[in-house]
Every structure is written in structure tokens, then in C-alpha cells.
Amino acid sequence: MRKKKCVAMLLAGGQGSRLGILTKKVAKPAVPFGGKFRIIDFPLSNCTNSSIDVVGVLTQYRPLELNSYIGSGSPWDLDLSNGGVFVLPPYQTGKTGEWYKGTANAIYQNIPFIEQWDPDYVLVLSGDHIYKMDYNAMLRAHIDKGADLTIAVREVPWEDASRFGILNTDENDRIIEFEEKPAKPKSNKASMGVYIFTWSKMRKYLELDEADPKSDNDFGKNIIPEMLNANEKLYTYTFEGYWKDVGTIESLWESNMDLLTLPMPIDLSDKRWRIYARNPGMPPHHIDKGAKVYNSLITEGCEVKGIVRHSVLFAGVTVDVGAEVTDAVVMPGAIIERGAVVRRAIVAENAVIKAGAIVGEETGNIAVVGPGATIASGETVAAGVQIDADAQ
Amino acid sequence: MRKKKCVAMLLAGGQGSRLGILTKKVAKPAVPFGGKFRIIDFPLSNCTNSSIDVVGVLTQYRPLELNSYIGSGSPWDLDLSNGGVFVLPPYQTGKTGEWYKGTANAIYQNIPFIEQWDPDYVLVLSGDHIYKMDYNAMLRAHIDKGADLTIAVREVPWEDASRFGILNTDENDRIIEFEEKPAKPKSNKASMGVYIFTWSKMRKYLELDEADPKSDNDFGKNIIPEMLNANEKLYTYTFEGYWKDVGTIESLWESNMDLLTLPMPIDLSDKRWRIYARNPGMPPHHIDKGAKVYNSLITEGCEVKGIVRHSVLFAGVTVDVGAEVTDAVVMPGAIIERGAVVRRAIVAENAVIKAGAIVGEETGNIAVVGPGATIASGETVAAGVQIDADAQ
Amino acid sequence: MKDVMGLIVTGENDIHLGELTSQRAVAALPIAGRYRVIDFQLSSMVHTGIKNVGIITQKNYSSLMDHVGSGREWDLHGKQGMVILPPFLTRENMGVYSGLLDALKSNTSFLSRSKQEYVVLTNSHTIYNIDFTEALRAHVANKADITVLYSRNKASGVDGDDTYYTVDENNKVIGMEIGALAPKGDAASLKIYITKRELLRQLTEQGAANGLHDFERDILQKNINEGTLEVYGYEYDGIAWQIDSIQSYFNFNMALLDSNFRHNLFPSERPIYTKVRDDMPARYIGDSECDNSLIANGCHIEGTVINSILFRGVKIARGAVVKNSIVMQDAQIQEGAEIDHCILDKQSVIRRNGRLIAPAAYPIVIAKNVVI
Amino acid sequence: MKDVMGLIVTGENDIHLGELTSQRAVAALPIAGRYRVIDFQLSSMVHTGIKNVGIITQKNYSSLMDHVGSGREWDLHGKQGMVILPPFLTRENMGVYSGLLDALKSNTSFLSRSKQEYVVLTNSHTIYNIDFTEALRAHVANKADITVLYSRNKASGVDGDDTYYTVDENNKVIGMEIGALAPKGDAASLKIYITKRELLRQLTEQGAANGLHDFERDILQKNINEGTLEVYGYEYDGIAWQIDSIQSYFNFNMALLDSNFRHNLFPSERPIYTKVRDDMPARYIGDSECDNSLIANGCHIEGTVINSILFRGVKIARGAVVKNSIVMQDAQIQEGAEIDHCILDKQSVIRRNGRLIAPAAYPIVIAKNVVI
């Protein structure tokens, strides 16, 4: 392996329980987004576009779909002989093995992976945000400041600041304090969970953390406070574009709806910063005679015979005659049968809404029909309700 | 994923303890062989040459080097959008996860992976044999016989049969009995650990086995006997080419030495059945003025100034002036300094034999210098001794 | 299926395709909203399990090369994968073969160094979606020397330019008519042949040695008439559409607006692979209207689209109207413009309030990059 | 390093390379036992972190295309990877550019659609192994318009065919001599240029609009003399060897037998990538003798090899003697044959007991596939 200036480690996380039935069978980064993407396409494409070509994906929770989706890495130009994308599960050494205990421990267990590339810097990413970011610009800032750790932040409205991890800095952006969900925030700089570490320092603190039996082995709770205590050079890097945590049903739905506003708050048609995705290989979608489509995103392979308003339809979705889909996110292969109504809802992959069924309500929380679930003819799914195929 | 007629599952195994220090830090299939290969190149290339293009590699022991070596799968033409090679570790579902309990359990835990491809047949391979085999011919025999399980066998000398798993068959090659290391063998058909299962049957027996708390979850101990008990259709398929288990130091050394006999018992220059490997990208090797090379395999990147007799030199090995290497296997990047002597030995990756040191003896067991170990000037390593870098 | 290789011969006579093929081979012609014609032949090979595919090219093959690239989109990028076989250009040879036999003759070395026992040889201007496995089984079962694929419902554009077979009850070919205006046989040749690689190589070399050029007439027809080779037919009853004129191109695209036809051509188990562009989903904005149309990813629709096919990245501005038309990649119809029965090639632009109305029988073709 | 693209211009004048380049561009010439010349330029680009590389080709580029393939061996096979830019063949244009400026002019669209700020422009007939990062830093630090790379120890074969710069103490170029037999400057041009992509595009278009063809004379020299562009030099002190004659080709290969020279050209941190062949290691059998030679994988040696370079898959039979020679891929020296000072092209065969002895100054070239 040749030396790399910077390698990325993507924390694909455990079970994304706030996404409910959408992550019952797949890891969160594999959740579909925006008509043709999955969440992980965003950090992976950002890496490719930032010329970072080694990405370790750390996961121990149902990696199958993620593994298949990533495959050889070719959709993101990450099928390289000297670099590429690697799914990194926990493993055994000698006779023993242990599951990842926390975010820091997951990286700690993969120190040998990182060392293969002899990097100067390590970029830490998470797999539940929608954003386009030039990590290379952040790396340049990290190098220019001579930082040990740079944390990407965005400025949130002051009234929301108490819901975030807030970084208090001096006038040179040097971090002097980190507060998790402070009642009285002193700053509105919220951490995005994107870190660049100088590797020698990171390695040192990972080893110290691992040696501490009382540690939760977490970046936010342990590593960052320890580095602050030791007076290491921690800086913020302010990111200004669109950024959305899609870790909850509501935020996932909202972020999809954001793509329907004009102009798009995050431009997914930008040829200079493409978001790559694995392609399902379907023919163009068909809008049938008499169908109506208003302010929507429709993907290849769809068959639309009914009415679609202000919705995002993923590849291969069918909306039959007389069906109405409004303010909805309809994931790949789902079928909305004749006369069915879907409103303010997420209909997951391969779900079937039978003729005349009603999913969701005009107001209230988002209704969710889980992957492969069927809503029988005439049934109703109220606002905020989640339907699990296995419970049927 | 499109349907595949047959997918391969390669049991990369746990710690190959019989290979001693050679597998202390890498999984057995990643051990170097034959000057430019690693053991796993043989089953992977056999798959490619047999047009089997989905290979799951099951491992939970130090998968890092194996993962890096396999990479995107491109050296074996296995970097595919619809197929390819996948490293499959244990993982968590919901809140729990468990390590692989046995060979059958490793496949059981990956039933969802297999089902993605909707295969008719599953080929089970292991990662510690050197052989060239057309799995497709075996598959045709399996289909022609209407078998539920076909086990590849080779006929071993009768006097050795009691060291193997022996399959007793009727005149139509139908298996009537399986005996592990029988004292009085009734047949000389030894199992090669290569199985083809009809997937529907395999799935049934994996599930039955998993439900049995007393099972060792092992193909040889549990699955095959259960299928025989139930009178399923089990057949042998006789393989006639070169086949060598390289699970011990002696057999690994012997198998390398086999490549130096004329004609080669396993032809590695056959353009119609190439064994693919990841290429280290070094210039041609150099035989210096005054150097002598007799009956040896020398790989790119080597620098030979001394004497090499009846040995296999891997990529980037240095044999300095006056050094003598005889009956030895010298793995990538190892350095044999001035006047050092290496005989009947395996010198592992990046080991250094300092000037005047002596490794191995003319007779007796094989001496092994472990990966990265250094033998100091004037030191001696006796026959059968293994030197571990970490113990130095 | 390891034992079969594929050979696609491109560069067919494209005189009736006019401007559409002035800068590209028919094989590289954009079709069906996001594909090129060769995607159908290549994907059929892939679905048959064929890994070694040679593409014989003639002049104007640079857009074809650009499209197929390394073969990655078809999983044909490996060491045993796809090979482009360009014409050997000399001062005498401007890159045009005078017949299929010539094209094969120039590439016998590829046939020789391939390893497979059988070869599927196809033209590059017929749209189909076939898994050749069954045809191969029939070829072996019939102990045929050559198996010719035929169709009883093939669509072509140019009359009298087709070949018909007469087959007996065992599907053995007992007659062959080339270019007959009123053929006796009803089994239209798909110009797809299955044979042993070694036999194809021999026939090619013998034919060339005897100064022959025409595979159909000089090899197939002659051997059928003389009974010197066992030639069998294999009927393919799926969609087969020969793209050999502007009309057949237009009609084929319009036929895709019928859902049954479309689902027959694109069954989910045999997707047609093509070069990926990484466009976002199509966006419908404001008062857009869309009726009975096929729309690819990357389109941006603010106007009206009726009975049309829009390729990737097409922009239809507010108030623009597109009817009965085929609009290729990245073309733009600006505000208030209107087109009917048009074929717009890539990146062409119909400017604000422009009108381009043609009769159904004579669609207008606007060339690549043209701004009107 | 995202902000740099590469441009390799192939198809240099190869008249002094004779038979070696009659069927291939210099860029595709086998060299150093397992490489082709372009591997050195491509690998240097890759080690600089460049992902977008254009290869401008002229006539005879099919073996070059075959070698670089999809760019996979250099990790340049991605969507943003390597692009082959073939000449646009017309009846007037037989695929030969009359100068670098012409070659660039034909490819301004590639320059335009690339995204990077800087471009490294190189020829394809000089062997080197450079990480351009430092030169790029110097280019930016000097606020240069163009940075030219030069060497004080470049080896060339053809006298009077070189360009020399005179640089001041800040490395600013203050003079430039083209083809001088007794140049005043000692800074030999490597014909590698660093500039902004946009500036290169402008200079190309202006030059072409003014009917110019020669980048060195009409653009570089003119602007240096007139002081209209800031041109800086960057000294590369590693190995640089121009392959422009049979002698320089022969001498370069022989120079590789020196270990210091070889280790300088192939440092372990900057490997030269090339197309992989999957040969097994070289086999030494029976009474083989080998002295001071470079031997690639796949060789099969039963005879004697002295002061020679054997490419992959070469077979030296019992009793055969190979001295001071370069033997390309898959060539065979049969029993009892002897060669001295020969260059054997691919797949050539020296038959049993054949002898081919040349003087050191005039190595004999045996063409590809020839059996003697």
C-alpha cells in the first residue's frame, strides 16, 4: 500500500433505532434517499470529489445490504488497486474477538487498517447526514492551523443550540470548551460529527482511551474532552452549505421534501460535485395517459397512472389508476394500487398499498409503511403509525 | 441482484494454528505461495475460470490483510456490479451478534447473503489447498446425477487413507458412509473439502443443524452424517489433478518444492487456466555478476548476488554476495545478507537474515523465520525451529 | 455458459438513417430514452453468461468506443471481457468492410485466441432482449453446424431488405431467400448465428481464400442449398425490431409508450445495461403537464410533454410544448417553443417560441448541437 | 492534488527508432523488461495524485490503446479517469499532427470540459519517474505563467535535436535555444510543462488562430524573448532519458543493469505501473547460467544469459546463448542458437543453432513475429 495523506473512516453506526422499522433490517447508511440515492452516497461521493480515495466503513450491524450496495466501490470510483472502500467489521485476533464498544473503539480496533496507509491525517465521518462538503478544503484549514483535531461545525439558530453538541471557541476558532446539549449555550457552533485528526495524535488518544476501563470509548464523551484537558490544538471549521441529519423519520421525510423546493437547497444536478449512486438499470419512467404529476421527483422505472403531488418516487415505483400520492416518499419497488391514497408518509421498499387503502393523514406525524409490508384493501394507516411487515 | 446458478462460499477459517507463526497475524488463505501467489489465489482463480462469479469469503480471524489483498476483486475479474467477491464477517442483528461457531454455522449466518442471488447450487470451498479444478465440470456431474450434495474426492494411496475423511460409495459413486480417519479404511476416496449442495436441501439441513443445541455446526461432523441418515442423494466426484493441503509448515514447504520438479506437477504457466494474483508492481529481477541460480523460481523485484539452489524466491527478495539459499522458500521482501546460509527453511515476509547467520539444516524439519523477524549476525536457527519477531 | 463467446459486428448499412448516423455507427445510436442500440445486444450476451465479447467496428466508431468504454457497465471489463476490434486502417482500407465475411476475416486472430467452444454472432442494428441459453441448447441437441435465429414478428423499416428462411417441422432450414419482395418463408432472419468457434473460423478462412465477401449468400445460402452443412432455425418470439431507417427508429421509440410492449422488452430479470450518467431523478416543476411519455433521469420539466420520449438531461421550459417527439440527451426546448413529430439529436436547442411541426409519416431530424 | 490534470502527447517523431516503431507509437514501445514507455509518464501522473489524464494519440495508436486499456492498472479507470483522445480522421487528415500546438488545438474541448486549475503537459518519449508535487508548488510560489522542467543530466540519442534553457538565479528562464549544436545553456528541456489549464487553452486557441504549429518556438520561445509570459524553470535531478533512436533505446536498457541506476529509477515508494500479464515467476532449469541480467516473470531459462534484458515469457532453450541483448515478450531462442547485441521484438524466434552477432555500436533489430 502506498502512503496516503488522508484516509477516511466512516462510522456506519449500530442500529439506527430512531429510524424505526426502516433500519430493522438494514444499517442506517443503506436507507434510500432522494429518489435514487442511499444516505451513504453522500459521504462516499464527498470523499471521491475531495480526492480522498481510502474509505473504511465501520459497521457491525447487518452489513449485508451495505456490503452488497458498496460492492467493489465502482459507482464512486473507489474500486482501486491502491485505495478504495473497505467494509470493516470487528474481528478476532488470536483466540479472542470483541464487538465495537463505541465510536472510538471502532477506530481503535482498526488501527492496523489505518497504519497500512501511513496517513498524516484521518477524516472521521458518520453515515446519517445529507450534505455536499469539500473535505479537502477542511483538510487545508487543518494543516494551515497546525491543528491536532479540527471539528466541522455549522452555525445553528440560537434557539436551537441547546439541542446540539456546542463548541465554544476563542476568536481564532480554537476550541476552548465542548458542551453536549447545553441548557444555556455560549455559542451556536454545532458539531457536525465530521472530524479531521492528525493521525499521530489520534493514535495516542485512542490508545489512552482504550487503556481506561471507565471510558465509554466515544469521541464526543471521551476523546474530545481528554484532548481539551491536555490542551491539544482543537479548532472548528465552519461549513455553510445545506446539512441535514436524517436520523429520524421526520427529518428523513423533511430532507426529501427539501428537494422539491425551488431553488433546491442542495443542488443534486451539479455536474461539478456529483452524488454518485449504484444504478438499478431500469428504463425511463412512464407517465401514462391521464396521469398527473405536480412538483415531484420521479425516477427511472416508475409507472405513473394516478396522481402524484409534491412527492419523491424512487426507482420502479408503481402508482396505479386513480391512486393519489401527496407529500410522500415512496421507496424503490413500492406499489400504490388503484384508488389508494398516500399522504405525508414514507412507503418503504417493495411495500404494497392495496386498492383503496389510505396511508397517512393531511397533518400530523409521518406514517411509515415498512419494507415489504402490505396494507390491505380498505385499511387505514393513521398519522405517525409504523407498519412492520414482520408483525403482519 | 440477478439470479445466479451457483454461488461459492469460501471458508477462510480461523487461526491456522498448524502453520504456526506464519498465521499469527494473517488468515491462512493470505499466506504466500509459489513465488507470486497467496493460497487464496487458487480457489478464487478456479472460480473465475469456472465462470462462478459470486464468492463469499467467510472469516472472522484477522481479515485485514485478506481484505486488503482481495480489495475490489479486480485481479480475479471479480470486481463486478452483479456479482464479485465479498468478505463476510459475523455481524449483529438487532441487539445481538455471535461469532461463527463452526463451518456450517458460518454458512448459516450468511443465508441472507446467499438468498440475494437466488442460487440453485452452492459450492463450498476451503482456503488451504493448492489445486486447479474446474468446478463447473463438478457442477455438471452434480446436476446430471440429480444429487443433493456432491463431495469432491481424490484417490489417495491405501496406506495413507486412514489419515483422511474417507467416503465409501456404491458402484454408482453414491455415498453410503462417511468415516473420519478410519482405522481400517474401506475405500481410498478422500474428501477434498469441496462440496456442491443443491441450495434448497442445504438450507434445510443448515436450519435443522442450527436448531440442534448439541451440534458442533460442522459440515463433516454434523451436516453430512445427517444427510446420509436421511437418505439424501450424496455422490462423490473424483478429481484427478494435483492437490495439496498446505495446512502445515512441512506441506507448505513441500508444495513449493513441487514447483521445481520437471515437469511441474501443477502447471502454473497454463494460459488456459491462469492463476491470478495481485501484482506488486516491481521491475524484473536482477541476477548480478557472479551470482548463481540453479533450478529455482525467481520473481520480479528480486536482487540476486549470491547463490540460489532449488528454491522459490518471492517478489523483492534480496540475496546478497556470498549468501547461499538452498531448498528454501523466501517470501516477499526478505533479505538474506552477505554470507548468510539458508537451507530447508521458510523465510517469511520482510524477515532479515543478517550477515553470516545460518538458518535451517541439511536434513530434518523445516526451519521458519517469521514475518519481520531478524536473525542476527552469526546466529543459528536449527531445523524445525520457528522464530517469532514478537518474541525477539 | 463459460463455453460461449460473443461477436457483435457493427457498422451496418445506415443510409436510410440519414443524419442520425452521420457521425456514429447504428450501434451507438441513442434509443429508448437512455440506451444505445448496442446495449441490447451486449446485455443479451451478458444475460446468457457470456464473458468474452468481441465488437468488430468499422468507420465512425469513436462514439461507440466512448459509450462501451471498458465494458464496466456490462461487467465485461475483466481480463477475459470485452474487446473492441477496430478496422486495420491503411491507405487502401478506409475502414469499411465489403461484407460480414470480410469483417470476420479481418478478425480471425481474435477467433483463434478465444477459448470458448461456441460463438454467438450478431448484427448490431436489431433491438431484442434474448437469453441465448435455450437457443444454444437447441443447437447442441440438433447437432447443428449453424443455428440461425428467426422471428415471425420482426419489425423492419426498409422493404425488400430482409432474409427469410423456410424451416421443416424439425426446425431444419430447407430454404433461404435474400431480399425477396414477396418471400415464401415467414421466418425472418434475425441475423444472429450460433456455431462452433472453430467452424466459423474455418468457414471464414475458406470463404476469404475463395474471394467471397457475403456470409449470407456465399456461405449460408450455398450450404443450405447444397446440403453441405446442417443448418437449423430457432424461433425467437419476443420483440425484434430492426433499426434501419428513420421511420423504423421513430416507430420503435413510439411503440415503447405502450406498457405491454415496454414490459416485454424490459423484463425485470433481464435488465438492459447502459452507461451510467449519475443524473438526479427527473424534476416536474410548477405547471408542468405530462401525458403518455417516457422520461429519463435528469430531465427538468416545466412545460408540456405528450406522447414523447425524453432522454437524460432534457430541459422543457415553461410554456414549451413537446408532442410525438424523441428528444435526445441534454437537448433544450426553450420557453414557448413547440415541436411535433421531431427527432432532436443530443444537445440541440429549440429557441424561445420556435416551432417545428412535421407530419407523422415524415419526422424531422435536428442534428446534434444544432440551435434553431 | 485534485486541482491538477495531466496531458500526455504521444506520437513523437520516431524516425531514428526504425523498425521498433513501425507498427506502434514510441509510447507503446516495450522497455525495461516489462514496461512500455508511457508507463513512466502515466505512473508519474498517478504518484502526483492526478486522476484526470488525457492521452493525445496520432496514427498507429492501437497497440497503445491495447496497452493502457481502461486505465485500470494505474487506478485511472474511473469516471474521472483516463481518456484516450484519438485524432479526428478525415480524408485530409491521416492522423498526424504537424506540431504540439496542432495536437492541442484538436483537443481544446477536452481542456475545456476538464475541471482542474492546473495542467501537467508531457511528451511520451522521455523516461522519468517524477512526483510533480514539488514542481507544482514551485510553479505556484513563483507565480509563474508556465513552468518548464529541465535536467542537467538528461540522456538523448540524437544530437542537435534538443532544447536548452538559460535560467537566472531565481530559476526564471531568460533564454531558450532550440536545436543548437553547441548550446550555451546546460538546462536541457524535458518537454514537460506546468501551467493553468485555462492559460494553455487560450495560448492554444490564439496560436492556432494565428496559423502557428510549434509550441516551443511560436509560443514558449517567443514569449520568453518578448518577456510577455513569466516562464520559470524547475530542475529535475533524477534520471531522464529520451528514447529517440535505436542507440538511446539500447543504451537505456543496458544502463538498467547497473543497480544504482535501476534503484534510482524504481524507488519502492513510486512503483511504475503497467499492464499485468499473470505470468508465473521465472524458471531456471538444469544447467542454466545467468550473469548480470534483468529477467521478467514468465521466462523459462535453460541456456545462458549474459548482460541482457529478458521480457515476460521469453524462452531460452538448452545450449542457447544470449549476450548483450534485449529480448521482448514471448520471443524464443532455440537450442544452440546464439545472439549478441540484438534487439528481438515480441514473439520473434531465433531457430536452432541460429547465430546473430552484431557490433556494440549497431545492435540488430529483429521485427515482431519474425522467425530467423
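Per chain, numbering begins at 1; letters A, B, ... match sequence-line order.
Using a 4.5 Å cut-off between heavy atoms, D:Tyr35 touches chain B through its side chain atoms alone. Contacts between D:Thr274 and chain B at a heavy-atom distance below 4.5 Å are absent for every atom of the residue. In this structure, no portion of D:Ser268 lies under 4.5 Å from any heavy atom of chain B. Of the atoms belonging to D:Tyr273, not a single heavy atom falls under 4.5 Å from chain B. Contact annotation for B:Leu262: only side-chain heavy atoms (C-beta onward) come within less than 4.5 Å of a heavy atom of chain D. With a threshold of 4.5 angstrom between heavy atoms, B:Asp270 does not approach chain D through any atom at all. Proximity to chain D (any heavy atom under 4.5 Å) is shown, for B:Ser311, by neither the backbone nor the side chain. Neither the backbone nor the side chain of D:His77 has a heavy atom closer than 4.5 Å to any heavy atom of chain B. Residue D:Ala282 touches chain B through both its backbone and its side chain, counting heavy-atom pairs closer than 4.5 Å. For D:Ile295, the parts lying under 4.5 angstrom from a heavy atom of chain B are both the backbone and the side chain.
Side-chain atoms of D:Arg270 and D:Asn129 include a donor-acceptor pair closer than 3.5 Å. If you check the side chains of B:His310 and B:Asp327, you find a donor sitting under 3.5 Å from an acceptor. Side chains of B:Tyr242 and B:Asp258: a donor on one and an acceptor on the other come within 3.5 Å. Between the side chains of B:Thr326 and B:Arg309, at least one donor-acceptor pair of N or O atoms lies under 3.5 Å. Neither side chain, D:Asn297 nor B:His285, offers a donor N or O lying under 3.5 Å from an acceptor on the other. A donor and an acceptor atom, one from each side chain of B:Asp245 and B:Tyr131, are nowhere located under 3.5 Å apart. A donor-acceptor pair shorter than 3.5 Å cannot be found between the side chains of D:Lys368 and D:Gln347.
Ranked by non-hydrogen atom pairs under 4.5 Å with chain B, the options D:Ala296, D:Pro271, D:Gly33 are led by D:Ala296. Ranked by heavy-atom pairs under 4.5 Å with chain D, the first of B:Lys289, B:Glu300, B:Lys271 is B:Glu300. Ranked by heavy-atom pairs shorter than 4.5 Å toward chain D, the options B:Val304, B:Val312, B:Ile298 are led by B:Ile298. Of the residues considered (D:Gly313, D:Gly286, D:Cys299), D:Gly286 shows the highest number of contacts with chain B, using heavy-atom pairs under 4.5 Å.
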Worked verdict on B:Phe42 versus B:Phe33 for side chain to side chain contact (heavy atoms under 4.5 Å, CB included): CA-CA 10 Å; B:Phe42 288 80; B:Phe33 175 84; 3.6 Å; yes

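Both tests hold for B:Arg38 against B:Tyr69: distance to the six-membered ring centre under 6.0 Å, angle to the ring axis within 45°.
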